[in-house]
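In what follows, chains are A, B, ... by sequence order, proteins preceding strands, each numbered from 1.
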Number of protein chains: 2
Amino acid sequence: MIERNSKSELAQNNILKAASDLFLSGGVKAISARAIAQKAGVSTMGIYSHFNGKQGILDALYIEGFELVSQAMNVDAGLTPLASLMQATDQYLSLGENYEAHYRLIFGEADSGYEPSAEAKAIRLESFGKLVAVTSTLLPASGAETEGSSDERGRQFALEIWALLHGFVSLKHHTLGAISNDDSPAKPYHWNWKDSARAAIRRLAASYRID
Amino acid sequence: MIERNSKSELAQNNILKAASDLFLSGGVKAISARAIAQKAGVSTMGIYSHFNGKQGILDALYIEGFELVSQAMNVDAGLTPLASLMQATDQYLSLGENYEAHYRLIFGEADSGYEPSAEAKAIRLESFGKLVAVTSTLLPASGAETEGSSDERGRQFALEIWALLHGFVSLKHHTLGAISNDDSPAKPYHWNWKDSARAAIRRLAASYRID
DNA sequence: GCTGGAATATAACGGTGTTATATATTAGAA
DNA sequence: TTCTAATATATAACACCGTTATATTCCAGC
C-alpha cells in the first residue's frame with residue numbers, strides 16, 4: 001500500500017516538477033501535455049489520470065502563483081507602516097519580474113481558455129483577504145465620518161494598493177516594457193518603472209496619511 | 001483596375017468585419033482562421049494573402065483596441081480639470097467592460113503567443129503619448145523643485161492614472177469579478193468596482209491638487 | 001487570343017488537447 | 001499461491017489548430 005502510494009505520488013511529483021520547470025523557463029507555450037509527459041517520464045494519459053489534464057496542471061501552477069503573492073506580503077517585524085508597505089511593494093514588483101510566467105497565468109495572460117477551478121478560486125480569494133488584513137493594519141485610526149466604516153476604508157486601500165501595483169506590472173509587460181530603461185538609458189523616456197511604481201505607492205500612502 | 005481593387009478591398013473588408021464580429025461575441029477563441037474564412041466567404045488562404053495570417057488579424061484588432069483607448073480620452077470642452085478626469089475615467093472603465101475582447105487583447109489576455117507588429121506598437125506608443133499630453137493639461141502649475149521637471153511630473157501622473165485604471169479593470173477580470181456586485185448585492189463584499197475605481201482616481205487627483 | 005502574374009480552393013503538414021483501446025500492474029480475497 | 005478485478009499505463013487515433021504546397025481559376029496587358 002505504501003509502495004503503491006509512493007509510486008503514484010512519485011509520478012504526481014514528477015509531473016508537477018516537470019510542469020513547473022518548463023513553465024518557469026518557457027511560459028505556458030512550453031507546457032503541452034506531450035512535453036510535460038516526456039519530461040516527467042510518463043505517458044500523456046498520466047497527465048489525465050493524475051491531474052485531470054491541462055486543467056489540473058494549470059490549477060496547480062495558478063495556486064503556486066498565489067502562494068508567491070501571499071509570500072510577497074510577508075514583511076520584517078518592527079518596521080514603520082510606510083517601511084512595511086515599501087518592502088511589500090518591492091517584493092511584489094520583483095515577483096512580477098522574476099516569476100513572470102506565474103504572474104501572467106494569475107492575470108489571464110497565459111492561456112485565455114483557462115478558467116480556475118473552485119479550489120483555485122478559493123485560494124485567490126484567501127490572498128485578497130490576506131491583503132485586506134495586512135494593509136488595514138497600516139492605516140492610522142480614522143476619524144472622519146465621511147470616510148466610511150474602517151472595513152470599507154481598509155478594503156478600498158487594499159484595492160488601490162493592488163490595482164496600482166498590478167497596473168504597473170501589467171503595463172510593464174505590455175506597453176512600458178518598450179520604454180522602460182531598467183538596463184538601457186538609450187530608450188526614449190529614460191526612467192525606471194519600479195521607481196515610478198514606488199513613487200506612486202508613496203503618494204498613495206501619503207494620501208492615507210501613512211508615514 | 002478599379003473593379004479588381006474593389007474586389008480585393010471587398011475581400012479584405014469582409015475578412016476584417018468577420019474577424020471583429022466573431023471577436024466581439026466570442027473573444028480570441030472564436031477567431032480561428034477557418035472560422036473567419038467561413039464567415040467572410042473566402043478560403044483560409046485568403047487570410048494569408050490579404051492579412052499575413054493570424055498575425056495580421058490580431059494586429060488589426062489590436063489597433064482597433066488602441067483606437068478605442070484614444071477615444072476614451074476625448075472629453076467635453078469646458079469642464080474643470082477634475083470633471084474632465086472623471087469623464088475620461090468613466091469612459092475608460094466602460095471600455096474595459098463593453099469591449100472586453102479588445103481590452104484583453106491589448107493587455108495580452110487573449111493570445112499569449114501574439115506579439116504586436118512594429119506598426120501596432122507604434123500606435124500604442126502614440127496612445128501613451130496622447131495620455132501624457134492630455135493628463136498634463138490637467139495638472140496645476142508646479143512650484144516645488146523636489147517634484148522634478150514638469151515633463152517628468154506629467155508622465156508620472158499619466159502613468160499613475162493608467163496603472164490605477166488598468167489595475168482596476170484587470171482585477172475586475174480576474175479576481176474581483178467574483179466579488180464585485182454591480183448587479184447582485186448577494187455577493188460577499190457588496191460594493192461596486194467602478195465606484196471604487198472612481199474614489200481611487202479622486203484621491204489621486206487630490207494628491208496632485210487637481211480640483 | 002495568349003501569356004504571365006495574382007488570387008483562390010483544397011488537401012496536407014505538424015502541432016495541439018484529449019481519450020478509446022489494449023496491455024500491464026497490483027492488491028485483495030479465496 | 002492463484003485468480004480476479006480494479007487501477008495505471010502506452011499507444012494510436014480523433015478533431016481541432018495555424019499554415020502552406022499544389023493545382024486551378026481569374027484577369028490584365030500585350
Side-chain angles (χ1 to χ4, degrees), chain A residues 1-19 22-23 26-62 101 105 108 110-117 120, chain B residues 1-19 22-23 26-62 101 105 108 110-117 120:
Chain A
M1 175 69 89
I2 292 166
E3 192 177 332
R4 181 176 181 177
N5 275 357
S6 290
K7 192 171 179 184
S8 181
E9 283 171 355
L10 181 60
Q12 286 184 13
N13 287 343
N14 284 346
I15 291 169
L16 194 46
K17 185 176 179 349
L22 289 168
F23 190 57
V28 80
K29 290 190 292 296
I31 50 170
S32 69
R34 287 169 179 79
I36 298 170
Q38 187 180 13
K39 190 174 176 68
V42 301
S43 65
T44 54
M45 200 60 220
I47 308 296
Y48 292 81
S49 56
H50 291 289
F51 273 93
N52 193 28
K54 283 293 287 292
Q55 176 73 48
I57 298 293
L58 291 170
D59 279 335
L61 296 171
Y62 188 87
L105 178 63
D111 185 327
S112 66
Y114 170 61
E115 174 72 20
S117 66
Chain B
M1 176 70 89
I2 293 168
E3 190 176 334
R4 182 175 180 179
N5 276 357
S6 291
K7 191 171 178 183
S8 178
E9 285 172 354
L10 181 60
Q12 286 186 12
N13 288 342
N14 284 347
I15 291 169
L16 195 45
K17 184 176 179 346
L22 290 168
F23 190 57
V28 79
K29 290 190 292 296
I31 51 170
S32 68
R34 287 170 177 76
I36 298 170
Q38 186 179 15
K39 189 175 176 73
V42 300
S43 65
T44 54
M45 200 59 220
I47 307 297
Y48 293 82
S49 56
H50 291 289
F51 274 92
N52 193 28
K54 284 293 288 288
Q55 178 72 48
I57 298 292
L58 291 169
D59 279 334
L61 295 170
Y62 188 87
L105 179 62
D111 185 327
S112 65
Y114 170 62
E115 174 72 20
S117 66

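One interatomic measurement links the two molecules: CD of B/Gln38 to P of D/dG18, which rounds to 13 Å at whole-angstrom precision. Rounded to a whole Å, the CZ atom of A/Phe51 is 16 Å from the C1' atom of D/dT9. To the nearest angstrom, P of D/dT19 lies 13 Å from OH of B/Tyr114. In this structure, B/His50 places its NE2 atom 10 Å from C1' of C/dA6, rounding to the nearest Å. One interatomic measurement links the two molecules: CD1 of A/Ile47 to P of D/dA8, which rounds to 14 Å at whole-angstrom precision. Across the protein-nucleic acid pair, B/Gln12 atom CD and C/dA6 atom P stand 15 Å apart, rounded to whole Å. Going from atom CG of B/Leu22 over to atom P of D/dC17 covers 12 Å, rounded to whole Å. Put simply, CD1 on B/Ile36 is 11 Å from P on D/dC17, counting in whole angstrom units.
Remark: A/Ser43 is in phosphate contact with D/dA10, judged by side-chain N or O atoms under 4.0 Å from OP1 or OP2. For A/Tyr48, a side-chain nitrogen or oxygen approaches OP1 or OP2 of C/dT18 to under 4.0 Å. Within the structure, a side-chain polar atom (N or O) of B/Ser49 is placed less than 4.0 Å from OP1 or OP2 of C/dT8.
Comparing B/Gly46 and A/Lys29 along DNA chain C, the residue whose closest nucleotide (by nearest heavy atom) sits nearer the 5' end is B/Gly46. Heavy-atom distances to DNA chain D give each of A/Met45 and A/Arg34 a nearest nucleotide, and the one nearer the 5′ end belongs to A/Met45. Toward the 5′ end of DNA chain D lies the nearest nucleotide of A/Gly41, the other residue of the pair A/Gly41 and B/Gly53 mapping further downstream.
Between the side chain of B/Gln38 and the backbone N or O of B/Ala33, no donor-acceptor pair lies under 3.5 Å. No donor-acceptor pair under 3.5 Å is formed between the side chain of B/Asp59 and the backbone N or O of B/Pro116. Between the side chain of A/Gln55 and the main chain of A/Glu115, a donor-acceptor pair closer than 3.5 Å is present.
In terms of heavy-atom proximity, B/Val28 sits nearest to A/Ser112 at CG1-OG, 3.4 Å.
Counting only heavy atoms from C-beta outward, the side chains of A/Ile57 and A/Ile15 approach each other to under 4.5 Å.
Comparing atom distances between the A/Thr44 side chain and each of C/dA11, D/dT9, C/dT18 picks out C/dT18 as nearest.
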